[in-house]
Amino acid sequence: MQHILLVLPLLIPLYGAIACLFFWRKLGVQRVIGVVTQLSLCAASAYLLYKTDTTGILTTQIGNWQAPFGITLVSDIFSSLMVLSSAIVGIAVFVFSLRGLSNARQLFGYYPLLLLLQMGVNGVCLTGDLFNLFVWFEVLLICCFVLIALGGSKPQLEGSIKYVTINFLASSFLLTGIGMVYGILGSLNMAELAVLVRSAEANHGLITLASIFFLVAFGIKAAIFPLFFWLPASYHTPPIGISAFIAGLITKVGLYALVRLFTLVFVLNQDILLPIFLVLSGLTMVIGVLGAASQVDFRKILSFHIVSQIGYMLMGLAIFTPMAIAGSIYFVIHNILVKTCLFLISGVVYRTYGSFALKKLGGVYLQQPLLSLLFVIAAFSLAGIPPFSGFWGKFMLAKGGLEAGNYGLVATSLGVSLITIFSMTKIWNEVFWKKKPAPTEEAARVIAEANTAHIGVLRLLHLPVVVLIVCILFIGLYAEPLVNLALRASEQLLNTESYVNAVLHK
Amino acid sequence: MKTLILAVAIRIFIPLFVIFSVYILFRGHNHPGGGFIGGLICAIAFIFHIMAHGPKDTAYTFFTIKYFRKAHQTGRSSVSSVLVLVYKNLFRKKELQAAPDWLPRQWRVDPIFIISCGLFLAATSGVFGLFLQQPYMSALWADMYLPVFGKPGTPILFDLGVYLLVLGVVLKITFVMAEE
Amino acid sequence: MLIIILAGLFLAFSAPLLYKWLGKYVYVPMALYPLAAFVYFSSYLTDVLGGQTIFAIHRWAPSLNINLHFYLDGLSLFFVLLVTGFGTLIMTYAGGYLKGDPLLGRFYMYLTLFMVAMTGVVLSGNIFCLFVFWEMTSLSSYLLIGYKHDKAGSRNSALQALLVTGGGGLALMGGLLLLGAVGQTYTISDLLNRGDLVTSHELYLPLMVLILIGAFTKSAQFPFHFWLPNAMAAPTPVSAYLHSATMVKAGIYLLARFTPVLGGTDAWQYTLMAVGGITTLLGALLAMQHTDLKAILAYTTISALGILVTMTGIGSEPALQAMLVFLLAHALYKGTLFLVAGNVDHATGTRELDQLRGLGRSMVPTGVAASLAALSMAGVLPFFGFIGKELLYEAALAATTFKALLFAVSFFSGMVFVAIAIVLGFKLFWQASSRPTPMLHTMSPALYLPPVIISSVGLLFGLFPAALVTPILRRAAEAMLGVEQLFELALWHGFNLVLGISMLTLLLGYGAYRYSNRLHTYAPRLNPLYKLGPQRIYELGLEGLLNGATKLTQKLQNGYLRSYIFIIISTFMVLVVWVLAQTGPVLDLSGRWQEIRNARLYELVLIVLLVPALLFLFRTRSRLTAIAILGMVGYSIALFYILFGAPDVAATQLLIETLTVVIFVLILHKLPEFRFLSSRIQKVKYMIVAGLFGCLMTYVTLLVKQYPLVSGLKAYYGENSYLQGYGRNMVNVILVDFRSLDTLGETTVLAVAAIGIYAMLKLKLDNEH
Amino acid sequence: MLEKLDLLLVREIISSIFILTGVAFMLISTIGLLRFPDFYIRMSAITKGATLGVGLILMGLGIYFNQPSMLLKVLVIVSFTFITAPVAAHVIGRTAVQNKIPFWDRTNLKELEDYLQKEDLSEKESDIKVKKG
Amino acid sequence: MEILLPILVGILFASGLYLILHRHFFKLILGIIIFGLATNLFLFVIGRLTRGNTAIIDDDVTIASEPFADPVPQALLLTAIVIGFGIQAFAIVLIKRVYQAFGTNDLDDLDKTDKIHEELLSEGNTQKYDQQD
Amino acid sequence: MNLFSVTLIIAIGALSVCLVLTAIRFALGPTLPDRITAFDLFVANVIGIIAIYTELTGNADFIDVAIILSLFGFLGSISFAYYLMKTTR
Amino acid sequence: MRIFLIHSGLSFLIAYQFFKLTDLLPYNAVTASGVFILFFMTLWLSSALYSRSYFRKIPIAIEFIIFFLKEVVVANLRIAYDIITPSYLMKPAVIALPLDVKTDLEITLLSCIISLTPGSLTLDVREDKQVMYLHTLYAEHDNLDKIKHTIKDGFERRILELTT
Ligand code: NA
Ligand code: NA
């Protein structure tokens, strides 16, 4: 059973994508395939989480080759949580794209790309093999490349150049890092690496050196300061359905990998590594939020916020206590949902008002009360105002930090969340509360487009936002399930033995 | 490039390349080669053709299935009528060319179709294991040995999928680039 | 109690719908809810007054020890009755005040939300449950202050209030976390018993400061007071409810609640007294300066809050009793006065003192309410305010330290209150005027009844303090002091010193009123002083933050790819060098010469060949040459793969390299020739970085290769490739069998790349040329 | 009788001769590549030498290994190079002419003129015949 | 050789990076490709080298006998090369499209998307607290 | 190290020298077709080196690479020519 | 051509089966080639019964290959000499060779043979397929016909013999 369960998150999107490719020019068929695939993926992911939660870590040895020799897929709570949230986000973005993305783009492989991207994300989360991790990262990365450039408008191309180049560097670092790990330890299976690293013969210096490669590689992918520059340069350029998905998910996947490796494998010389994380996390938070505060474009504010929030997620790793890592995990899940939701909201605003520039927007509060409410919830979730979801992550991180005596970092994180509030209210003030300025030419065009579109457009665009908000409210107002999962996930992460035993069948 | 010599040379090369690529594909399990290299070699054959004749010509020559179809097809296209269509086109092509109620049709095989076939084959080669309560990608081997083919098994199928996919990918890329 | 909270939340979110259905009668259900809550909580009166505390615990996030823990003792009950009682009247009033406003539904939503939050704050028995509601009050007050959202001033005030109280909230969160860690519980009732543990802990001071910041921002204490006057941009019901009666008192509640835990130390006492004292004085002074009705009220509120904080700081029994009584009195008269101000504004369209005169004739009930409230404010017998003021003076005089100062401060504020009370309660309404301000609207009962009721309650409490308020105040004081309280409130204490001082206050207050006009002329001279005040600091801070952020962002995110990469690579190198320096694996170069001698000639030639090829690549101006060099470099590397036993890799490398050349050739034929764009200095800089990077990678490679590699994989594949994988080419068996999942991913990458290239070349939206 | 002969030594010697000849051809060709005055001369003289050289080396290889499979491979490579080399040479040469790559000044270009005219490539003979070498 | 190949790796990394840091589009893509070559070679070198032995089991045995090359780095390398090819091909096309759309060679001209546009600064960045509107 | 392998090493060394000389012609140019020719010769050299290396190691698997290279080695030349044609026409 | 391929394939298969099923001869390249050639010759001889042209062409082809190899080696030596001696003997020229061969395959074959021979290079074929432009190194500048004749009499004639 677990053999099937563990590959479903890979196979469902893969077969969905293949089916879409067979019906390359038939948009209607692709949409039907998309619905079926997304729903079944979500169901499979939910069941995977349920199974993982109730029976413990699940593994399958791909190709029936015993653990260090083949590739193992492993699902623990953290990974299955990631898989489930990516599925939820996938559904939301899929539904949004039905009307939120021009048909021209949809015709050029949008749906298969989206599915393959999800496959890549799931692969990263589920794999127990270092090189396989690289491969799945490349899958999701190339999907991101293509999606960001899909349509080839000028800003997209410009963003793509930076995105592609810097992420290529990241992949190279990752690959060199994997080479080093193999060159030092002679294995690629993460569980076996965990054993080897802890053995007496392990060369601490070299392994720590190798870990720097991974730190930089995943640091770039997760957009940690000072490696984040590609993100604000590119995330706001593609159409909103795409940027919502990428912005919501991809950096978190980088962070996931960071957490996975630095709790499982690179646990040596923590007196050197943790201070690095500490400094990077603080700087990431601050620089990110300052960037957000300075922006004047809806999506750019959101983009910079990703950086800032990544700082929070890194914070848990820097503190390295069960509570703090649980905080990071909670924060990752929360952020995936909220960030996607906010990007989708910006998309709805764009579809109805034709701009992303704060200056050119206004009056949404009066015209779209529902959207305003949704935005308030999402924005204040992001800002970490209780009882919304962001609070819990912040709380756990701060609690963990204080318990570990990292007062400075906790203070920074709290200060940063104040500026987060500021920039979220900036959007609220400008886009929702402010009086509506006269529409510009581009705005007029977009609005006209929207008006000629189907009457149900707006409602369909709202639907995914509402779904996400329901999820956000759920994990905020009734935080216990996710908090509990996060705590147990972090226990699993820190208690390496269970992972190793599950993979190597000891 | 319109040069007679190249054109003729390429006409000779293409079957050579294709045969050789299949050979490389199947011997890959025991010697250097395999699906990826094989697929690339096969694709390179067509790249030569594209360079000599242009992408349109290549697509028409190698990736268009020309068939005949009954004119004024009334009613639903039932299974039997499809079978008739296939049969007539495969074995009675000469007849059809003369028949007035059968009109020539073309179906262009988009390389994306080849890509998806390859991906499907590669992915599906692993699914059989799942039905036998084994992990994904568990290899199943036949208990025999074929001369050129080697020992048949799902990994070979997997390699074949890779071959098709690589072929499709390179073709797609070069077609679209050459059309630019 | 959870039901009440949840019902409130539900009601709040259904308010817009209710408004759609009920129209202007929406206030009925909205007002009924607080009324019901009031009645519900009143039903606990007997229990609580009997000395019981009522608990209700609902699991919420037990993993974090955060639960919906409600805790009803004297203090909570006192506050919750205040909140719901006022809530009923304000809800009613708002229905009249904002009649016909299209956004009334949303207004009710926010207001109900706020009320629920406030109820939650005072009921919470868990510090983080409290915090959650605390932040909800900030959030809902933000939405309420920004109610007139089309005005920039409104929006900015809302933002300011949110930032100040939100910042305080974050400080509070830090403080509460520390408190929870120090006290080892989040449950307030447990904490109350651990005061000694907390105050003796080394973290006591920081946690106290953090919690105080939270309380002070909420209660508008100096230096955080400035948001409150700006918050007057909110509609009047909001001002009356949030900014006089309830929200600002949440800070006071917090102080009172934690007095048993945190109080009793010098640091606590002096901080509260100092901050409270300064706030009192400042509020009073500023109140005298303004001519806008609501501004005056706001500053007197600040002053009153200062007094409350001071009293809490003193912490003695009389002081805390005085605090409670004054809090109630202030809520009653200030609430009334705000509503009155709202009525005036509503009726005349202005709130400027200069333009208002002779209002009494046309708005009798409002005028009566104003007078009653003003009398209470001035502390005139027999109003409740009188009792409050008496107790204040008594407490000040009974203080052990800074007696004179404390007294002077309370006296001065009392005097100012008198002066202002005269203006608001009498001058506006009853001073004869030849040209009374014209009326725009008439008053409806919904508008004038609530102030009348509230002010009457003030009178009622003043007349019968023993029966009506003493029992609950006793229990409230007990919650703070931890011992049973037996004090009695009485209107008349006989002729004593305090009464004399009260009279003196009235007299001097009247005097101040007479000269207030002159004060107004002097006041602007003080303006430069205020310019340096906290408001200015806030503005400068925000501006500085924004400017700094903008500059920093533009410096970092400058749009130049090369600079990004430069930073990334530099970071990498710094990290690697640092780790090398820390962990110190060092390269052992002995015996390396032997390896060079072992090298074959052709290998050496190949390497020697590559260097000039690469140099040539930097220099060439022809793209095609560059591509050809690239091909040659790739072929040479493929040759290395062959030399070291990797024919599959070599074949793939050769094919890929050729294919890359093909792609280049197909795609790049329309590009112009090279130009050399980078300046010499840039080139040198980049050359150095690149060189260092290369050296580092070489060093790392040599370092790793210095140690032996024991790979179990190699042996396993050697044994099993043929026997189990039925293939002799181990590499291929790995690719299609052992690690087939990698290959599947790899093929997916290729497929996506093909789609991407296709899409990129075929789909060109907005192709400006 | 046949088995008693030291076949390996014989094979090695024959193979060495083939290989050394082949390498010599390649070396000479390469020197020619450096020495010869114009592109066309290099093209028509050199690449063929290299092809022959490679062929000889491969023959040596085939003789040395003395296995049918290796023989087959060698034959395949030799035939491939012998087919592809002239085609490539022709294509590049043709491209060179069409791109007006200059001839050596001692080249007799009389018969090329009408070709150049027809292909609309001729501005003047001097244009394509630049003094060199 | 154990020391020469690492040096080559360093040289390739350095030249790749140096080219990437250039402002010209084309240099960027060249740099990316060379950087990729360097990465691949690094992967190969660090997995230890065996001269002349492949990772292929001889026809007459069923278990590979030492010395044979470690197949793992080779397999990883193959995957990495192919993936790298996919990404590089995409990057090349991207560069081409960028040139088409922008008509420039200079990467420094592409600094629009991530800068703050001054003309879009609105009152959101300048706070005003006067009560009048 | 018998005489035969010495011969082979000498041969492979000579071919390496060929590579260098080819590269020099490549650098000198002066025209693009010259460079293409050099590239062509380079490929031939590589095939030669692989062949001799196969003999040197006695491992028949290396020659497979040479087969593949001989098949498409001239694709480089063809595509350069294609490029030149496209840019001039 | 087709017959040739069929014969080759058949001989290969027969040789393969011969070694697989019998132990008559030791298995090595020499014996394998011998067996292959033996079977091929048998098949060729038998072809006289049903395809006279094919029967005739095999010796021509063999002669052609030998002639071609000789030409290649001789030309190579000549050029080698030119390379290692300081002065040039060569007299390069471009000649327009009128063609007798007609079909595309013949033209291509001729062009390849010419190009393969050192010292000559096919530059282009005129569109009407009547003239082939060659670059040659050893032409007598005042008498270009001589070299043309050499080619026509050497390669072209043999090709024509082979194909007709
Ligand atoms: Na398999
Ligand atoms: Na790569």
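All figures in this text were calculated on a predicted structure; none of them were measured in a lab. Chain letters run A, B, ... following the sequence lines, proteins first, then strands; residues in each count from 1.
In this structure, no portion of C/Ala613 lies under 4.5 Å from any heavy atom of chain F. Only the side chain of C/Leu606 comes within less than 4.5 Å of a heavy atom of chain F; its backbone N, CA, C and O stay farther away. Looking at F/Phe42, only its side chain comes within 4.5 Å of chain C, counting heavy atoms on both sides. Of the two parts of C/Leu659, neither the backbone nor the side chain holds a non-hydrogen atom closer than 4.5 Å to a non-hydrogen atom of chain F.
To the nearest 0.5 Å, the span separating CG on C/Leu624 from CG on F/Leu32 amounts to 5.0 Å. Atoms CD1 and OH, from C/Ile667 and F/Tyr83 in turn, are 12.0 Å apart once rounded to the nearest 0.5 Å. Of the inter-residue distances, the one linking C/Leu655 atom CG with F/Leu71 atom CG reads 9.0 Å to the nearest 0.5 angstrom. Atoms CG and OH, from C/Leu639 and F/Tyr53 in turn, are 9.5 Å apart once rounded to the nearest 0.5 Å. Atom-to-atom distance recorded for C/Phe664:CZ and F/Phe80:CZ is 10.0 Å, nearest 0.5 angstrom. Rounding to the nearest 0.5 Å places CD1 of C/Ile642 at 10.0 Å from OG1 of F/Thr57.
The 12-atom threshold is not exceeded at OH of C/Tyr722, counting heavy atoms of other residues, nucleotides or ligands nearer than 6.0 Å. For C/Ile681, the CD1 atom sits in a loose shell: 12 or fewer heavy atoms of surrounding residues, nucleotides or ligands are nearer than 6.0 Å.
Here the closest non-hydrogen pair linking C/Pro647 and F/Phe62 is CD-CE2, 4.1 Å.
If you tally non-hydrogen atom pairs under 4.5 Å between each of F/Ala23, F/Gly73, F/Ala27, F/Gly13 and chain C, the highest count goes to F/Ala27. Of the residues considered (C/Thr625, C/Val661, C/Asn729), C/Thr625 shows the highest number of contacts with chain F, using heavy-atom pairs under 4.5 Å. Taking C/Ala628, C/Ala638, C/Ala651, C/Pro612 one by one and counting their heavy-atom pairs under 4.5 Å with chain F, the maximum is reached by C/Ala628.
Screening F/Val43, F/Val65, F/Ile68 for a side-chain contact (heavy atoms from CB on, under 4.5 Å) with C/Leu654, the sole residue that qualifies is F/Val65.
Annotation: C/Tyr635 is in aromatic contact with F/Phe39 [ring centroid separation under 6.0 Å].
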